[in-house]
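Computed from a predicted structure; not experimentally measured. Here is the naming used below: chain letters follow the sequence lines, and residue numbers restart at 1 for every chain. Keep in mind that the numbers below use all heavy atoms, side chains included, and drop hydrogens, waters and symmetry copies.
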There are 2 protein chains.
Amino acid sequence: MVKNDSEKQTEEKIFEAAMAVFEEKGFAAARMQEIADRAGINKSLLHYYFRSKDQLFEVVFNKLFEKMFSMVIGIFMSDKPFEEKIREYYCEHIRFFQQNPMLPIFIMSEISHNPERLKKRFGNIDYTKIRDSVMGFHAEEMSEYGIKKEDWVQFMITVVSLTIFPFAAKEIVKMFLDQTGYTKGFDDFMNERKVFASEFVINAIKHMNKK
Amino acid sequence: MVKNDSEKQTEEKIFEAAMAVFEEKGFAAARMQEIADRAGINKSLLHYYFRSKDQLFEVVFNKLFEKMFSMVIGIFMSDKPFEEKIREYYCEHIRFFQQNPMLPIFIMSEISHNPERLKKRFGNIDYTKIRDSVMGFHAEEMSEYGIKKEDWVQFMITVVSLTIFPFAAKEIVKMFLDQTGYTKGFDDFMNERKVFASEFVINAIKHMNKK
DNA sequence: GTCTATAGAAGGATAGAC
DNA sequence: GTCTATCCTTCTATAGAC
């Protein structure tokens, strides 16, 4: 069924508005009325296009999860040299989350309040591709750097923690910076973090299991 | 006004139930009815003791925030040798969050959806105490280890990221472990992480700014 | 202090006109 | 496809008996 112009436009407007509201408020606190208002249309049109709040949310969630997931995992799929990759990772990802600061907390919060949704949609992805990609491209480098083969998930989680956590806890970090005399703002802090995190990780893996 | 036994008991029961429900569901999805049910009392008693959902939540939030905050910050206030402290930190904190797995996502989620609450209650704490504690006890050690003086917040955030993030993203991590052939469970993963994270951090700081 | 009953508001969803 | 009007459920909160 091909959609005509006006239909496409309205559906698109609703979808954009829904992404904004859900990401900002979370599922439970989001209001259909607010989504309608932001889309500049009538509330009942939401149901016309997406049937229910649940279904609208599901489409939005899947879209945002993929956006986040591909970003987070992307770097591990590249096959540049390790250190270059790490530096690039922290640059790119921090920049990305500066554009999407609510994305991490949205994804993590919704998933912990409803794990079924995650399993339903993303339970059947072939994650071995990622593993093989990481291990295939980098197994050699990793052991060279002293990361044990069985520790690759620990390593991945460690790398992404350093960027995702500060965004997820943005308000706490901001308060902390304010109250301890950091003169610049959160954005500057995260810009500095691009370098700090890179050096931290590179220094760590250079000397793992080699004391 | 001193409270008698039965009053104390009921208030306590409500409070415990409220902590459980709010932590599990978040403010917006939590239901007064469910809190009453779990406390084994009538719904209107909630209002008798705590007036409104908002006020009940506020008491619960403050309690849980303090619980989390003192845990997270605690280690930085101790004055043991650096490496010993780091190892102890990851042991203790991972054990703590294994007992309270929903705490991180609860705190972070509620704060990003309502930053005012954080500022209202915790905006006036004297965080310089923490800074001075970290810098006072450990400034020397830190520079010895190659952490620049102005990077102490970056360092603190880094250290806590490594434990808090995996709990906040618990379901994602679990799925990832399942799908990539990790034979043990999340709990084992986090137990292994006690060692991995310690070694990671210690190796990193041993060589910061010393390449 | 604790309960029952109910008010009152909000929000999701649908019917039906255009 | 879009709007108005409205239904119906859910949830917070209060009144009032015991």
Salt bridge check: are [X] and [Y] linked by an N-O gap of less than 4.0 Å?
X	Y	value
B:E66	B:R121	yes
B:E171	B:K174	yes
B:E23	B:K67	no

Is there a side chain to side chain contact (heavy atoms under 4.5 Å, CB included) between A:K170 and B:M108? Walk through the geometry before answering.
CA-CA 8 Å; A:K170 183 174 178 180; B:M108 298 195 297; over 6 Å; no
Write down the distance between [atom1] ([X]) and [atom2] ([N]), rounded to a whole number of angstrom.
X	N	atom1	atom2	value
A:Y48	C:dA17	OH	P	17 Å
B:F50	C:dG1	CZ	C1'	14 Å
B:L46	C:dC3	CG	P	10 Å
A:H47	D:dC3	NE2	P	15 Å
B:Y49	C:dC3	OH	C1'	13 Å
B:E11	C:dT2	CD	P	10 Å
A:L45	D:dT2	CG	P	5 Å
B:K25	D:dC11	NZ	C1'	14 Å

Give one of base, sugar-phosphate or nothing for B:A30, where a contact means two heavy atoms less than 4.0 Å apart.
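Sugar-phosphate contact only - B:A30 comes under 4.0 Å of backbone atoms but never of a base.
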Is B:S52 near enough to D:dT12 that one of its side-chain N or O atoms lies under 4.0 angstrom from OP1 or OP2?
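B:S52 to D:dT12 OP1/OP2: no side-chain N or O under 4.0 Å.
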Any donor and acceptor pair, going by atom type alone, linking the side chain of A:K53 with main-chain N or O of A:F27 inside 3.5 Å?
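Side chain of A:K53 to backbone of A:F27: a pair is present.
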Strand contacts (DNA chain C) in residues 32-44 of chain A, 4.0 angstrom heavy-atom criterion:
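Those residues whose heavy atoms fall under 4.0 Å from DNA chain C, taken from residues 32-44 of chain A in numerical order, are A:M32, A:K43, A:S44.
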Donor-acceptor pair between A:D54 and A:S52 side chains, under 3.5 angstrom
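No, because no side-chain N or O of A:D54 sits under 3.5 Å from a partner of the opposite role on A:S52.
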